[in-house]
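None of the values given here were measured: they were computed from a predicted structure. Along the sequence shown, the residues carry numbers beginning at 1. Computed over heavy atoms, backbone and side chain alike; hydrogens, waters and symmetry mates excluded.
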Amino acid sequence: MSTLVCDGESQVPQSQSVSSLSVQSTPEIEKKYVHHVYDAIAPHFSSTRFAKWPKVATFLSSLPSGSLILDAGCGNGKYLGLNPDCFFIGCDISAPLIKICADRGHEVLVADAVNLPYKTGFGDAAISIAVLHHLSTEIRRKKAIEELVRVVKKGGLVLITVWAVEQEDQSLVAKWTPLTEKYDEEWIGPGSPHARSPSSLLLESIPESEENSSRELVKDSKESSTEKMHETMHLTSESKNDSVVFKHERNTMNHQEYFVPWHLPYHRAEVSGVSACALANGLAKKDDKKGAVVYNRYYHVFSEGELERLVSGMDNAVIVDRFYDKSNWCIILEKIL
């Protein structure tokens, strides 16, 4: 990989400001509720990710023969090698997922989406599939897009997909824990973000049903709509008896920050490994009824037009297509400078 990855000093342009360098410092919420979670669930997660989204497959298949395609946030590598006439390099922040890719013979490396380890103009195209919604601040999401554009050649295309606020399936809101609407910009503080709640009562994630877990395996092509939320859940305190009442609303626009549960079956969890540590540290909980260790994953779901707004200030790329597919907002960018 030494021919593919640039030197550490050359990854960051000299003109880059100190403030932009700080963007590369991962907020605690991402470390705890994205990085650590996917490291712990990697084999089980991979077993549920095998079907390819038609829109992504169409994009990859449309690229010219011989193209070098960079998959940023490749997960278990299900898109790597999809077009046999192209070359693929994948990267992901999760070392266990990258090991799965490497064991399958893919060209991969561990890397951060906001600091891609490639030379400027290295690839012919890039994809970021269901990745940006795991970044917890707008500045980091924008930086990830800038990186995708930076690493492709002039004329290169970039496909980005993210989970949408506007969901096709509105029935799964109970799986999601809405987070407090506003935090400090970088989500930095002595503690983890709290679920929206009055006094000390926490809104806990409700386990996924057995039916939905089974359906995920056989209908993975709908993974973004069968896992997701979606009516907004509000907590209101009744003065009469101080009880908490859950009110479901059709309008999902009030929340964009969520914890989404992942149930790792006991037989897949390491008894004395990552899951045991997560349980001990309070980053996961047991659900004996379901026989699983429950992890919460952080998501920022995107509203309509949000991706476009992140790109609007960029002078080296233009949007050539935008669409909504399987409860995801998607854009295709072309690098023009």
Task: Parallel, tilted or perpendicular: ring planes of Y258 versus H255, cut at 30 and 60 degrees - done: perpendicular
TODO: Considering only NZ, NE, NH1 and NH2 on the basic side and carboxylate oxygens on the acidic side, decide whether K142 and E138 come within less than 4.0 Å.
DONE: no
Task: Residue pairs passing the ring pair (Phe, Tyr, Trp, His ring centres under 6.0 Å) test where at least one lies in residues 80-113, sequence neighbours excluded - done: none
Task: Within 45° cone of F323 ring axis and under 6.0 Å: K55 NZ or CZ - done: yes
- [ ] Would you please indicate if the ring centroids of Y33 and F259 are separated by under 6.0 Å?
- [x] yes
Open item on the list: Tell me whether E257 contacts the main-chain N or O of P178 through its side chain, where contact means a donor paired with an acceptor under 3.5 Å.
Closed with: no
Task: Passing candidate, side-chain contact (heavy atoms from CB on, under 4.5 Å) with C91, options V110, L109, D112 - done: L109
TODO: Take T58 and S61 through the side chain to side chain contact (heavy atoms under 4.5 Å, CB included) test and state the conclusion after the steps.
DONE: CA-CA 5 Å; T58 297; S61 298; 5.8 Å; no
Task: In one Ile/Leu/Val/Met/Phe/Trp/Tyr side-chain cluster, 4.5 Å: Y79, I93 - done: no
- [ ] Identify, with sequence neighbours excluded, every residue that meets side-chain contact (heavy atoms from CB on, under 4.5 Å) alongside H134.
- [x] V34, Y38, Y299
Open item on the list: Whether the Y295 and S275 side chains hold a donor-acceptor pair (N or O, under 3.5 Å, no angle test) is what I'd like checked.
Closed with: yes
- [ ] Nearest 0.5 Å please: distance from the CG atom of D71 over to the CD1 atom of I127.
- [x] 3.5 Å
Open item on the list: Which label fits W163 and H133: parallel for a plane angle under 30°, tilted from 30 to 60°, or perpendicular past 60°?
Closed with: tilted
Open item on the list: Is it the case that over 12 heavy atoms from other parts of the model lie below 6.0 angstrom from the NZ atom of K153?
Closed with: yes
- [ ] Output yes when E146 and K143 qualify as a salt bridge under the 4.0 Å nitrogen-oxygen rule, no when they do not.
- [x] no
Task: Any L157 side-chain heavy atom under 4.5 Å of F59 side chain - done: yes
